[in-house]
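What follows is a single structure, written as structure tokens, with notes after it.
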Amino acid sequence: MTLDVVVPTYNRSGLLRLTIASLFAGERSDSLKITILIIDNNSKDDTEQVVRELQANAPLPLRYIRETKQGLSNARNAGIAAGRSELVGFIDDDEEIQPDWYTVISREFSDPSVDFIGGPYLANWVTEAPSWLPPGYHAAIGHVPPKPRSPFGPDFGGNLMGGNAVMRRSVFDRVGTYSTRLGRSGKGLLSEEDAEFCRRLESASIHGMYVPDLAIRHYIAPERLTRRYHRRWVYWRAVSQGVLDRELQEPVPYLFGIPRYKIARALRRALAYPGDLLLRRNPGLAFADELAVWDLFGFIYGKHFIHIEGFYADKAIKPQP
């Protein structure tokens, strides 16, 4: 079995060193042949120098690839195109794999019915978590605790997250690659490229498993631990969901083009906000009430006002015949 590990990176050479070190240190056997592909997405720091330095004594094949089209989806797609292995794994440049990450991959893909797997993001705290962190918004800081083992699908309650995912290369032949209309790009804040890709996997009835021991440790940057960051993250995630909803609607009731549950949730949380703020039952509860309203406003803007070209005009994500 062969595996390409694709690591998109942008101006994080210090953290990238730790990411690569963890990939070098992971437990592995001769049954899995591993190649690491570093996709430098126009970094202005010493990323290339760091990778070239590490190549000299690398215990695994380590390739440096520069992708000039800005954006996370472009970088991931460049890694897919550059590799040749039967499995393609993805982690981000602010993550470190757990020691048994490769072992879990070998175990899971020994089952030929499994086409892709994903797992949790364990928090790598470098500063104390503030007491006001809102419940239900762990993904804003990249902390996604483990869930029970389960197949991905409509009943899972989440997406395959591209910062910790592995799939057979044949998956891309069936559904295409990541949407370059979504995903972070420079200062652009659109996201939901993972959700859009996951919907295509579901539509094609491709079998994937959420595997709780396929774990990575995610660096929780101090700049994410602010209320302003959470507001921006929630708002722009919702804008992205609104854009995506133009072509891939949810199977739920709608009102004025908005899923009714989003409207009901925002109204319910807005009414609860004064009491939660005054009673201080939970430092993060009132902030979660506020974020539900930002979520609704962002979705409305993305669905009805922002101009984004249609996703399927992008050949990169067209399903293959």
Side-chain angles (χ1 to χ4, degrees), residues 71-73 76-77 115-116 118 136-140 144 147 150-163 165 167 171-185 188-208 210 231-270 288 291-321:
L72 177 58
S73 291
R76 286 179 180 168
N77 292 345
D115 291 307
F116 67 92
Y137 292 92
H138 296 295
V144 186
K147 300 179 181 180
S150 172
F152 283 99
D155 297 328
F156 174 67
N159 295 311
L160 175 70
M161 298 179 66
M167 56 201 77
V171 166
F172 303 112
D173 296 329
R174 296 172 64 181
V175 303
T177 53
Y178 284 93
S179 169
T180 56
R181 310 287 175 177
L182 294 170
R184 296 297 173 92
S185 179
L189 295 175
L190 286 176
S191 59
E192 290 299 281
E193 71 285 353
D194 290 337
E196 191 276 338
F197 186 77
C198 200
R199 289 195 194 184
R200 279 186 276 138
L201 294 174
E202 290 179 14
S203 296
S205 300
I206 295 176
H207 177 54
Y210 175 83
R231 291 184 185 107
R232 284 166 52 84
W233 186 91
V234 168
Y235 179 79
W236 282 101
R237 181 190 64 169
V239 171
S240 305
Q241 290 172 343
V243 170
L244 177 57
D245 196 75
R246 296 177 189 178
E247 300 191 27
L248 295 171
Q249 290 194 351
E250 298 182 60
V252 298
Y254 277 67
L255 181 64
F256 304 120
I258 310 299
R260 284 200 327 219
Y261 75 86
K262 283 184 174 288
I263 299 172
R265 181 177 59 196
L267 290 173
R268 185 173 63 250
R269 300 303 292 265
L291 293 177
V293 179
W294 282 108
D295 181 83
L296 177 61
F297 287 164
F299 190 94
I300 292 171
Y301 180 63
K303 181 65 178 284
H304 294 302
F305 297 100
I306 195 172
H307 175 70
I308 299 288
E309 295 181 33
F311 301 118
Y312 292 105
D314 185 346
K315 294 180 180 180
I317 65 169
K318 281 185 179 178
Q320 302 297 311

- Note on the structure: Sequence neighbours excluded, the answer for side chain to side chain contact (heavy atoms under 4.5 Å, CB included) partners of R260 is P253, L255
- Item | Rounded distance (nearest 0.5 Å) linking atom OH of Y301 with atom OG of S240 | 11.5 Å
- Task: Using the side-chain contact (heavy atoms from CB on, under 4.5 Å) rule, take D245 and Y254 through it: C-alpha gap first, then chi angles, then the decisive distance, then the call.
- Result: CA-CA 11 Å; D245 196 75; Y254 277 67; 2.6 Å; yes
- Any sub-3.5 Å donor-acceptor pair from R265's side-chain atoms to L296's backbone N or O? no
- Separation between OG (S205) and CZ (R174), nearest 0.5 Å, reads 8.0 Å
- Message: For the residue pair Q241 / K262, report whether a side-chain donor-acceptor contact shorter than 3.5 Å exists.
- Response: yes
- No-hydrogen, no-angle side-chain donor-acceptor test under 3.5 Å, D295 and Y137: no
- Distance (rounded to the nearest 0.5 Å) between T177 OG1 and F197 CZ: 8.0 Å
- Who are the ring-ring contact (aromatic ring centres under 6.0 Å, His included) partners of H138, not counting sequence neighbours? H143
- Do R231 and L291 come within less than 4.5 Å of each other through their side chains, counting heavy atoms only? yes
- Query: Any side-chain heavy atom of V252 sitting closer than 4.5 Å to one from Y261?
  - Reply: yes
- Task: State, to 0.1 Å, how close N77 and T180 come at their nearest heavy-atom pair, and which atoms those are.
- Result: ND2-CG2, 3.8 Å
- Task: Could you label the plane-to-plane angle of the Y235 and W294 rings as parallel, tilted or perpendicular, counting under 30° as parallel and over 60° as perpendicular?
- Result: perpendicular
- Provide the closest heavy-atom pair for S179 versus S73 in the form atom of the first, atom of the second, distance. O-OG, 2.7 Å
- Message: Could you report the tightest heavy-atom contact between R246 and G302, atom names first, then the distance?
- Response: NH2-O, 2.8 Å
- Going by heavy atoms in the side chains, are L160 and Y210 under 4.5 Å from each other? no
- In short, H207 meets P151 closest at the heavy-atom pair CE1-CB, 4.4 Å
- Residues which pass ring-ring contact (aromatic ring centres under 6.0 Å, His included) with F152, listed by chain and number, not counting sequence neighbours: F116, F156
- Query: Which is it for L201 and M167 under the side-chain contact (heavy atoms from CB on, under 4.5 Å) test, yes or no, and what are the steps along the way?
  - Reply: CA-CA 11 Å; L201 294 174; M167 56 201 77; 5.6 Å; no
- Item | Salt bridge flag under 4.0 Å for residues R76 and D194 | yes
- Task: Decide side-chain contact (heavy atoms from CB on, under 4.5 Å) for L72 and E193; before the verdict, give the C-alpha distance in whole Å, the side-chain angles of both, and the deciding distance to 0.1 Å.
- Result: CA-CA 9 Å; L72 177 58; E193 71 285 353; 3.6 Å; yes
- Nearest atoms (heavy-atom pairs only) where P259 meets E250: CG-OE2, 3.9 Å
- Item | Side-chain (K303) to main-chain (I258) donor-acceptor, under 3.5 angstrom | no
- Note on the structure: Output for pair (R199 CZ, L244 CG), nearest 0.5 Å, gives 4.5 Å
- Looking just at side-chain N and O atoms, do Y178 and E196 make a donor-acceptor pair shorter than 3.5 Å? no
- Task: Compare every heavy atom of A292 with every heavy atom of A266, then report the nearest pair and how far apart it is.
- Result: CB-O, 3.8 Å
